[in-house]
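Heavy-atom basis, side chains included; hydrogens, waters and symmetry copies ignored.
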Amino acid sequence: PTKPSFCSIYKFYLRLNICAFLTAFFANKLEHESKHCNGKGFQRQGSSCFDRVYTANQNCGHAYPTFLAVLWCAGLLCSQAPAAFAGLMYLFVRQKYFVGYLGERTQSTPGYLFGKRIILFLFLMSVAGILNYYLIYFFGSDFEIHIKTITSAISPLLLIP
């Protein structure tokens with residue numbers, strides 16, 4: 001059996017990040033359309049507590065594979081410590097989103113928006129790692145230390161709501 005080349009692994013990460021980007025784009029589109037249709041926030045089907053719990057569970061379940069993909073790529077391609085910090089923050093935010101979904105209509109919105117920001121941070125970390133690989137491959141320039149310094153400095157900013 002042949003081993004996959006290092007370049008093919010980075011191509012896989014690139015494809016994975018494109019999928020994550022599309023998922024984030026669709027979530028942003030959904031948020032935009034929902035605000036324009038209702039004007040007050042996200043629309044919800046049903047009014048019973050069960051319907052809200054079920055919908056919140058479905059929303060969290062649909063976002064989880066994207067989160068795992070970008071967390072994995074950011075940790076492997078860029079820097080593990082900021083990726084782990086962002087991952088823990090994301091889990092906390094999803095809990096806030098879930099609990100907020102059970103309350104008033106607008107209580108889940110801050111958790112949703114905060115989660116999108118964390119996914120974007122992880123996605124950008126992954127892209128920076130991929131770009132660094134190709135800079136090394138084509139030009140021989142390694143910016144890994146600079147990228148790790150920048151991501152370590154930016155990751156505490158995720159705490160700002």
Separation of [Y] [atom2] from [X] [atom1] (nearest 0.5 Å):
| X | Y | atom1 | atom2 | result |
| --- | --- | --- | --- | --- |
| Ile150 | Leu124 | CD1 | CG | 12.0 Å |
| Arg94 | Tyr112 | CZ | OH | 8.0 Å |
| Ile145 | Ser79 | CD1 | OG | 11.5 Å |
| Leu135 | Ile130 | CG | CD1 | 12.0 Å |
| Ile147 | Leu77 | CD1 | CG | 10.0 Å |

Worksheet item: Out of curiosity, does Met125 fall in the hydrophobic cluster containing Ile136 (side-chain heavy atoms, cut-off under 4.5 Å, transitive links)?
Response: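 Unlinked, Ile136 and Met125 end up in two clusters.
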
Fill in: Hphob cluster co-occupancy, Tyr134 + Phe139, side-chain heavy atoms under 4.5 angstrom
yes

Item to complete: Using the test ring pair (Phe, Tyr, Trp, His ring centres under 6.0 Å), find all partners of Tyr90 that sit at least two apart in sequence or belong to another chain.
Response: Phe67

Fill in: Qualifying salt bridge (charged side-chain N to carboxylate O under 4.0 Å, His left out) pairs, either residue in residues 147-161, two or more places apart
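Every pair satisfying salt bridge (charged side-chain N to carboxylate O under 4.0 Å, His left out) with a residue in residues 147-161: Glu144-Lys148.
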
Worksheet item: So which heavy atom on Leu122 is nearest to which on Ala86, and how close?
Response: CD2-CB, 3.7 Å

Worksheet item: Which heavy-atom pair separates Gly75 from Gln80 by the least distance, and what is that distance?
Response: O-CG, 3.4 Å

Worksheet item: Do we get Arg117 above Phe114's six-membered ring, with its NZ or CZ under 6.0 Å from the centre and within 45° of the axis?
Response: no

Worksheet item: Does any N or O in the side chain of Asn132 come within less than 3.5 Å of the main-chain N or O of Phe143, such that one atom is a donor and the other an acceptor?
Response: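 Looks like yes, one N/O pair under 3.5 Å.
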
Fill in: pair Leu88-Phe92: side-chain heavy atoms closer than 4.5 Å
no

Enumerate, atom names and distances included, each donor-acceptor pair closer than 3.5 Å involving a side-chain atom of residues 153-161, sequence neighbours excluded.
from: Ser155; atom 1: OG; to: Thr151; atom 2: O; distance (Å): 3.4
from: Ser155; atom 1: OG; to: Ser152; atom 2: O; distance (Å): 3.3

